[in-house]
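Okay, structure first, notes after.
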Amino acid sequence: MSTELPKAYNAADVEDKIYKLWEESGFFDPDKLPGDRKDIFSVALPPPNATGTLHLGHALEYSLQDAVVRYHRMRGEKTLWIPGTDHAAIATNTKVEKILIKEEGRNRHDIGREAFVKKVEDFVADSRGTMQKQIRQMGASLDWSREAFTMDAERNLAVRTAFKRMYDAGLIYRGYRVINWDPKGQTSVSDDEVQHRPEKGVLYTFRYSKDFPVEIATTRPETKVGDSAVAVHPDDKRYQKYIGKEYGVEFAGTRLKVKIVADPGVDPEFGTGAVGVTPMHSMTDWEIADRQNIPAEDRHQVINEYARMTEIAGPLVAGKKTKEARDIIVQWLKENDLLSKEEPTELNISVAERSGGVIEPLPKLQWFITVNKEFTIPRSSIKGIEGGSETTLKDVMRAAVQNGQIRIMPDRFEKIYFHWINNLRDWNISRQLWYGHRIPVWYRGKEIYCGIDAPKDSGWEQDPDTLDTWFSSALWTFSTLGWPDENSPDLQMYHPTTFMNPGYEILFFWVARMILMSGFLLGEIPFKTVYLHGILRDAQGRKFSKSLDNGVDPIDVIKQYGTDALRMSVVVGIGPGNDGNFDLNKVKAYKHFGNKLWNIARFVLMSVPEDSSGIMNSQLTPGDERSLAELGTVLASMTSHMDQYRFYLAAEEIYHYVWHTFADKIVEESKARLASEDPAAKASAQRMLLEILSTCLKLLHPFMPFITEELYSKLPISGKTMLLIEKWPV
RNA sequence: GGGCGGUUAGCUCAGUUGGUAGAGCGUCUCAUUGACGUUGAGAAGGUCAUAGGUUCGAAUCCUAUACCGCCCACCA
């Protein structure tokens, strides 16, 4: 054999070249794949946030998806994998504003909306370029001709159309109520974007004034200047005589009208069994106030958007930060001999997940998607939901998974999903951010107009708010396929998509919302299988974090060990839904494996003639027949693993076979015969080696695409194609 | 408060429907001008958290307990 391979495999020499070859072949585009492909396999890449660069989590995600995509392409399916980027409104806003403050000492308000959005767009353009390059380095076989961005013109049209249709169906409404306000990010956030952090607090027990009949308990005395009622349990004997009575009280420099009401939501065992109701600063209290018909004029906003006390809060605390106000009020209670107890307590503080700001519940006029309201679903292929029937978005989301049309892997996340739906409240979709999809609603005096485009006549002003970034992400499986053009060939061909591979941390943010949107807008499920992956931790199992400085740049790993080694290291041994540890030693081990494979191929290539047509027809010895049969069982098992999305087992199986059966046993055993004088024995060995090597390269290709493609190109077999589109053996 | 996951070799973790325990790394011994030292052969090392139960048989199923971790939550 004349082809000279270097002694060791050097990933850097081949990866860029191979990727270019693939990309130029056009085979990432399913329309350009050869042969008659009837079965469809389509995947939408979870679009990475346009906030900068890829991290190891992306490496894990893309290794899994590329393996499954390559496998199905080799199975002869019409395989589409669509790339894209998410504008990640809140994350990008935050990041760019941070840079702005650092570099220019100005915030977004200093430079104005237009200039700020321009800055964000420039930043995003930059990030997207970097990330596209990095995704290519991962070897991801994405159809770049269909690349999408959640903020481009096509996706913007999809967003406006979706909003309009939901608005017309009565599923989107504007409402004034208590929402999660992030004083740091200066925007509202949805319930899912609020995280809880345990903190030590104090439970204060006191009464508003000397002549007020009941004591209440709270951890936030500063909000009590905004109280409108005291709620007790309807069956609580202690307070029966006060229920329905109204008191005027002088409390910490304010005058309050406090009605004592009975509400079943109150726990008689907690504190004094009586709760001060602050409608404007607690969602629960707002709901109690609604149930008790507390009129709007008796609800007082005492905290503003900057987490400072308002004028209404009274002269004692007005203008103060909430924490200062708390101290002042506690002091006032003590001075007036109203405080009866101070007990240390554990409390959960609410924090905005992006900015880290402490959430301040505030009443605001916001846009919501209602999840409990009945509507007529125009059409539906979701089992259990009849087209034309009355249903709710919650029911749609539930049905899609309950009836098995969507499978969530691992199964246990289905329970978590249902639990989330059961407790779901209306989704606050408006954000007071500048970068994002502008809400397609216009106002003129008391008139309101919702439309895909601005109203033609003059005097209208568009709603200043933008949409929650997950609103556009929720459309992703079909907004990337030409929707809202229902006749789009891509949409008809590739939707519902086959496979979806997000991290479990965005099950609610994204997976559930995709099911919601696809259900309402298309009457379809967005995908058939959701394979949730876990988080990658460091070698000791710790989370990657800036403070630990244990971050690893996947591009550095690729430079040092090669992409194939990185890919194997994040796939093998990590089951669905489980966190994995990232260990450079593991990457190194798979680099060694690549080299092993390289040298197996070198040996085989040196051992067979340049023209293999003669040996490929030679008679196999019974021993060689057995070896091929044994490979057949490995193949069958691997195929089954791949079909069931058990990549972690498939990859390990072929790894083990190549090294410890093919190299250690079969190749070793063949050496004597290759050197022998018996031409039949020699030819049989040559044929067997070449066949096994060829098959192994195919089986490994989904996991280690670069080295296998390179080696496959050297094999002296006729009729072969690029390994990328070679047939998976059967 | 509710729910979920984990507990397997020194370390990090696999173990698909129950059939006498596996991988990588690490350790020890030996080999080696050989396709590959990014190597090969071999070895040591586990009562599969604990206690019960089901079964001919359990790391695997059931019930408790302990310890770690995660998610959800309108006990103010």
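Atoms considered below: every heavy atom in the structure, side chains included; atoms not considered: hydrogens, waters and symmetry mates.
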Inset, instruction - Measure the distance from CD1 on A:Ile421 to P on B:rG2 and round it to the nearest whole Å. - result: 23 Å
Legend entry - Any side-chain donor near an acceptor of the partner, A:Asn428 and A:Asp468, under 3.5 Å: no
Inset, instruction - Look at all strands and tell whether A:Arg646 reaches a base, only sugar-phosphate, or nothing, counting heavy atoms closer than 4.0 Å. - result: base
Inset, instruction - Please determine, for the side chain of A:His196, which listed nucleotide (B:rC75, B:rA73, B:rG15) has the closest atom? - result: B:rA73
Legend entry - Protein-nucleotide distance (A:Ile600, atom CD1; B:rU39, atom C1'), rounded to Å: 12 Å
Legend entry - Options B:rA35, B:rC25, B:rA76, nucleotide nearest the side-chain atoms of A:Asn585: B:rC25
Legend entry - Atom P, compared across B:rG15 and B:rU39: separation rounded to whole Å: 27 Å
Inset, instruction - Write down the distance separating the C1' atoms in B:rU55 and B:rC62, rounded off to the nearest Å. - result: 12 Å
Inset, instruction - Identify whether any heavy atom of A:Gly271 sits under 4.0 Å from a base atom; if not, whether one sits that close to sugar-phosphate; answer base, sugar-phosphate or nothing. - result: nothing
Inset, instruction - Just compare B:rC36, B:rG5, B:rA76 and give me whichever is closest to any side-chain atom of A:Arg412. - result: B:rG5
Inset, instruction - Using the P atoms only, state how far B:rG26 lies from B:rG40, rounded to an integer number of Å. - result: 13 Å
Inset, instruction - In sequence, state the C-alpha distance, the side-chain angles, and the governing distance for A:Phe703 and A:Phe647, and then conclude on ring pair (Phe, Tyr, Trp, His ring centres under 6.0 Å). - result: CA-CA 9 Å; A:Phe703 306 105; A:Phe647 325 101; 7.4 Å; no
Legend entry - Distance flag, aromatic centroids of A:Tyr590 and A:Tyr561, threshold under 6.0 Å: no
Legend entry - Pair assignment for B:rC70, Watson-Crick or G-U wobble, requiring both distances under 3.5 Å: B:rG3
Inset, instruction - Could you tell me whether A:Lys596 sits above the aromatic face of A:Tyr655, with NZ or CZ closer than 6.0 angstrom to the six-membered ring centre and within 45 degrees of the axis? - result: no
Inset, instruction - Write down the partner of B:rU33 under the Watson-Crick or G-U wobble criteria, each distance required to be under 3.5 Å. - result: none
Inset, instruction - Under 4.0 Å between any heavy atoms, over every strand shown, what does A:Tyr9 touch: base, sugar-phosphate, or nothing? Just pick one. - result: nothing
Legend entry - Separation of atom OH in A:Tyr655 from atom P in B:rC13, rounded to whole Å: 18 Å
Legend entry - Watson-Crick or G-U wobble partner of B:rA49, both distances under 3.5 Å: B:rU65
Legend entry - For B:rU55, the Watson-Crick or wobble partner whose two distances fall under 3.5 Å: none
Inset, instruction - For A:His533 and A:Leu60, run side chain to side chain contact (heavy atoms under 4.5 Å, CB included): C-alpha distance rounded to whole Å, both residues' side-chain angles, the deciding distance at 0.1 Å, then the answer. - result: CA-CA 8 Å; A:His533 69 253; A:Leu60 166 71; 3.6 Å; yes
Inset, instruction - Could you pull out the closest heavy-atom pair between A:Leu424 and A:Asn372, with the gap in Å? - result: O-ND2, 4.3 Å
Inset, instruction - Quote, to the nearest angstrom, the P distance that separates B:rU7 from B:rA14. - result: 7 Å
Legend entry - Atom P, compared across B:rA49 and B:rG10: separation rounded to whole Å: 14 Å
Inset, instruction - Report which part of the nucleic acid A:Ala589 touches: base, sugar-phosphate, or nothing (heavy-atom distance under 4.0 Å, all strands). - result: sugar-phosphate
Inset, instruction - Would you verify whether the NZ or CZ of A:Arg177 falls within 45 degrees of the ring axis of A:Phe368 while also being under 6.0 Å from that six-membered ring's centre? - result: yes
Legend entry - Euclidean distance, atom CD of residue A:Gln560 to atom P of B:rU38 [Å, nearest integer]: 14 Å
Legend entry - Under 3.5 Å donor-acceptor pair, A:Glu668 side-chain atoms to B:rA35 base atoms: yes
Legend entry - 5'-most by nearest nucleotide on RNA chain B - A:Thr284 or A:Lys591: A:Lys591
Inset, instruction - Pick base, sugar-phosphate or nothing for A:Val667, based on heavy-atom distances below 4.0 Å to the nucleic acid. - result: base
Inset, instruction - Take the protein atom CG of A:Leu347 and the nucleotide atom P of B:rC75, then report the distance between them rounded to whole Å. - result: 12 Å
Inset, instruction - Have a look at A:Val277 and say if it touches a base, only the backbone sugar-phosphate, or nothing, with a 4.0 Å heavy-atom cut-off. - result: nothing
Inset, instruction - Considering just the side-chain nitrogens and oxygens of A:Lys596, establish if one lies under 4.0 Å of OP1 or OP2 belonging to B:rG40. - result: yes
Inset, instruction - Please state whether the base of B:rU12 and the side chain of A:Asn581 form at least one donor-acceptor pair under 3.5 Å? - result: no
Legend entry - Under-3.5 Å donor-acceptor pair between A:Lys7 side chain and B:rA35 base: no
Inset, instruction - Could you check whether A:Asn348 gets within reach of a base, just the sugar-phosphate, or nothing at all, counting any heavy atom under 4.0 Å? - result: base
Legend entry - Touch class at under 4.0 angstrom, heavy-atom based, for A:Arg425 against every strand present: base
Inset, instruction - Side chain of A:Arg602 only, please: which of B:rC36, B:rG40, B:rU38 is the nearest? - result: B:rC36
Inset, instruction - Indicate whether the side chain of A:Glu215 and that of A:Thr272 have a donor and an acceptor atom separated by less than 3.5 Å. - result: no
Legend entry - Pairwise P distance for B:rC48 and B:rG22, with rounding to whole Å: 15 Å
Inset, instruction - Output yes when at least one side-chain N/O atom of A:Asn578 is less than 4.0 Å from OP1 or OP2 of B:rA14, else no. - result: yes
Inset, instruction - Tell which nucleotide pairs with B:rC28, taking only Watson-Crick or G-U wobble pairs whose two distances are both under 3.5 angstrom. - result: B:rG42
Legend entry - Spacing of the C1' atoms in B:rU47 and B:rA23 (rounded, Å): 22 Å
Inset, instruction - Could you check which of B:rA14, B:rC72, B:rA76 has an atom nearest any side-chain atom of A:Leu649? - result: B:rA14
Legend entry - Sugar-phosphate, base or nothing in reach of A:Tyr648, heavy atoms under 4.0 Å: sugar-phosphate
Legend entry - Atom-to-atom span, NZ of A:Lys588 to P of B:rC25 - whole angstrom: 9 Å
Inset, instruction - Let me know the distance between CG of A:Asp583 and C1' of B:rC11, rounded to the nearest Å. - result: 9 Å
Inset, instruction - Give a yes or no on whether a salt bridge exists between A:Arg646 and A:Glu653, defined as a side-chain N under 4.0 angstrom from a carboxylate O. - result: no
Legend entry - Nucleotide forming a Watson-Crick or wobble pair with B:rG22, both distances under 3.5 Å: B:rC13
Inset, instruction - Using only heavy-atom distances, determine whether the side chains of A:Ser190 and A:Glu193 contain a donor-acceptor pair under 3.5 Å. - result: yes
Legend entry - Separation between the P atoms of B:rG5 and B:rC11, rounded to whole Å: 25 Å
Inset, instruction - Could you tell me whether the side chain of A:Lys586 has a donor or acceptor atom within less than 3.5 Å of a complementary atom in the base of B:rC25? - result: no
Legend entry - Short side-chain N/O contact to B:rA41 OP1/OP2 from A:His660, under 4.0 Å: no
Inset, instruction - Look at A:Trp659 and B:rG40 and indicate whether a side-chain polar atom (N or O) is within less than 4.0 Å of OP1 or OP2. - result: yes
Legend entry - OP1 or OP2 of B:rU39 under 4.0 Å from side-chain N/O of A:His592: yes
Inset, instruction - Establish, with yes or no, whether the OP1 or OP2 oxygen of B:rA73 is under 4.0 angstrom from a side-chain nitrogen or oxygen of A:Asn423. - result: no
Legend entry - Atom-pair distance (CG on A:Asp267; P on B:rG2), nearest Å: 13 Å
